[in-house]
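Computation of the quantities below employed the complete heavy-atom set of this structure, encompassing side-chain atoms and omitting hydrogens, waters and symmetry-equivalent molecules. Every chain is numbered from 1 and lettered A, B, ... according to where its sequence line falls, protein lines coming before strand lines. Predicted model only: the values in this text are computed from it and were never measured.
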2 protein chains.
Amino acid sequence: MGLTKRQQEILDFIRKQVRTHGVSPSVREICHHFGLKGPAGVHRILKVLEQQGYITSIPGKKRTWRPAGGAGRSMPVLGNIAAGIPIDAQEDLVEELPVDTALFGSDDCFGLLVKGDSMVDLHIMDGDIAIIRPCHQVEHGNVAAVMVQGVLPEATLKTVKFHEDGIELHAANPLYEPLTFLGDEARRVQIIGKLAGIIRRNR
Amino acid sequence: MGLTKRQQEILDFIRKQVRTHGVSPSVREICHHFGLKGPAGVHRILKVLEQQGYITSIPGKKRTWRPAGGAGRSMPVLGNIAAGIPIDAQEDLVEELPVDTALFGSDDCFGLLVKGDSMVDLHIMDGDIAIIRPCHQVEHGNVAAVMVQGVLPEATLKTVKFHEDGIELHAANPLYEPLTFLGDEARRVQIIGKLAGIIRRNR
DNA sequence: TTGAAATATGAACAAATGTTCACTACCATT
DNA sequence: AATGGTAGTGAACATTTGTTCATATTTCAA
């Protein structure tokens with residue numbers, strides 16, 4: 001079976017600390033975060049997590065308790081986005097990439113799994129991970145992850161074009177017709193974020 | 001102006017340690033690596049590197065001296081490869097990507113800056129970073145970084161095809177003619193490594 | 001209720017480690 | 001030779017921090 005509530009909390013805290021600060025927390029910093037008085041309790045839990053294979057340390061060395069699979073900052077990859085920008089949504093999380101979000105210019109960047117060939121003209125392929133930098137507005141011609149209420153069930157990559165009277169969403173593939181939203185219709189278009197990059201892994 | 005020899009050595013060591021171990025070295029570990037007796041000298045240099053913006057630390061906290069731009073493991077990106085696999089070649093190093101090499105399956109992966117449109121059919125664009133996993137042999141049809149003595153001045157991405165009597169190197173672009181090497185000629189083809197992935201950053 | 005497992009507390013020890021200071025050595029330039 | 005920047009040595013101090021032990025408290029299922 002899985003982990004205890006406390007064990008999970010502590011594991012999450014370590015991961016989050018390493019992800020954001022790039023430095024492992026000390027045992028006492030973990031204590032302080034949970035309002036505990038002494039390091040003993042946390043230390044025992046660390047031992048448990050180590051035995052389960054979740055974390056590692058170099059015995060005796062300071063600040064070496066860190067996630068096992070690989071230390072360092074990371075970036076979440078989402079399978080799809082159903083509503084709004086997922087802040088801490090665990091549901092659609094496909095994996096954590098061992099990549100510093102700084103690589104793509106912003107701390108809140110995240111990956112979005114690309115499905116289908118709709119962006120093939122931009123050399124983005126099925127299975128690629130599109131890196132999205134969250135924002136609410138884009139310029140004419142930018143590629144962005146967008147959602148359209150009632151039309152696109154999940155966030156999709158489109159080239160966004162603005163006209164006097166509306167918004168046009170283009171797939172980068174001649175096989176797909178552009179979507180046009182005129183007047184009030186345009187309000188249904190929700191910008192998730194701008195395309196900041198691509199990561200592809202060959203099988 | 002740049003850094004002193006010692007300063008550069010220490011900076012490189014810190015980067016390498018963080019890259020491979022995921023944990024910052026302690027001041028004394030740095031001393032030991034260079035055969036120094038006391039931590040004082042190194043500490044002074046660390047201060048210099050900090051002031052220059054290369055590294056950061058949380059004053060007083062243990063093991064918090066780490067590369068400034070982003071902690072965690074990283075992967076070197078090379079502009080071009082003139083001869084053999086560059087183990088520690090600093091010359092052609094374009095930058096360090098804050099990406100764990102584990103993402104692409106092997107510790108010795110490195111990035112190679114893609115120039116030109118010769119791989120456009122594989123959806124690899126000018127400016128992309130091709131991730132190369134070093135190896136000496138590839139299978140028929142694999143995409144690899146190759147060099148050809150006297151023909152290709154630097155490592156280039158090609159689709160490698162084997163025939164009864166030789167090797168054919170194809171660019172993934174109809175505008176480029178494939179290169180054919182028959183018989184003994186084939187020995188001039190040197191495989192640098194296999195294409196493991198792509199990282200693209202949009203401007 | 002009862003008992004085992006998980007947690008928390010308090011105290012204390014030993015190491016690891018950052019940091020500082022004074023002094024010496026080397027090296028290139030003036 | 002004098003000077004100034006960079007480096008190395010030795011010693012010492014103060015914290016941070018991992019680790020352990022014994023004991024109390026909570027939780028939760030049998």
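- At dG8(D), one or more side-chain N or O atoms of Arg6(B) fall inside 4.0 Å of OP1 or OP2 (strictly under the cut-off).
- Among the protein residues, Lys61(A) comes within range of the sugar-phosphate backbone only, with heavy atoms under 4.0 Å from sugar or phosphate atoms but none that close to a base.
- Heavy atoms of Pro39(A) sit under 4.0 angstrom from at least one base atom.
- In this structure, the side chain of Gln52(A) does not engage the main chain of Leu49(A) through any donor-acceptor pair within 3.5 Å.
- Of all heavy-atom pairs spanning Ile198(A) and Ile131(A), the tightest one is N-CG1, 4.1 Å.
- Contact between the side-chain N/O atoms of Arg63(B) and the OP1/OP2 oxygens of dT17(C) is found at a separation under 4.0 Å.
- Contact annotation for Gly60(B): backbone-only contact, meaning every heavy-atom pair under 4.0 Å involves sugar-phosphate atoms and none involves a base.
- Arg44(A) comes within 4.0 angstrom of a nucleotide base, judged by non-hydrogen atoms across all strands.
- Nearest nucleotide to the side chain of Arg28(B), out of dG8(D), dT19(D), dA12(D): dA12(D).
- Contact of Lys62(A) with dT17(D) (side chain to base): a donor-acceptor pair of N or O atoms is detected under 3.5 Å.
- Across the protein-nucleic acid pair, Phe34(A) atom CZ and dA8(C) atom P stand 9 Å apart, rounded to whole Å.
- Within the 4.0 Å cut-off from OP1 or OP2 of dA7(D), at least one side-chain nitrogen or oxygen of Thr4(B) is found.
- Nearer to the 5' terminus of DNA chain C, by closest-nucleotide assignment, is the contact made by Gly38(A) (compared with the other of Lys47(B) and Gly38(A)).
- Under 4.0 angstrom from either OP1 or OP2 of dG18(C) there lies no side-chain N or O belonging to Thr64(B).
- The phosphate of dG18(D) has neither OP1 nor OP2 within less than 4.0 Å of any side-chain N or O from His43(A).
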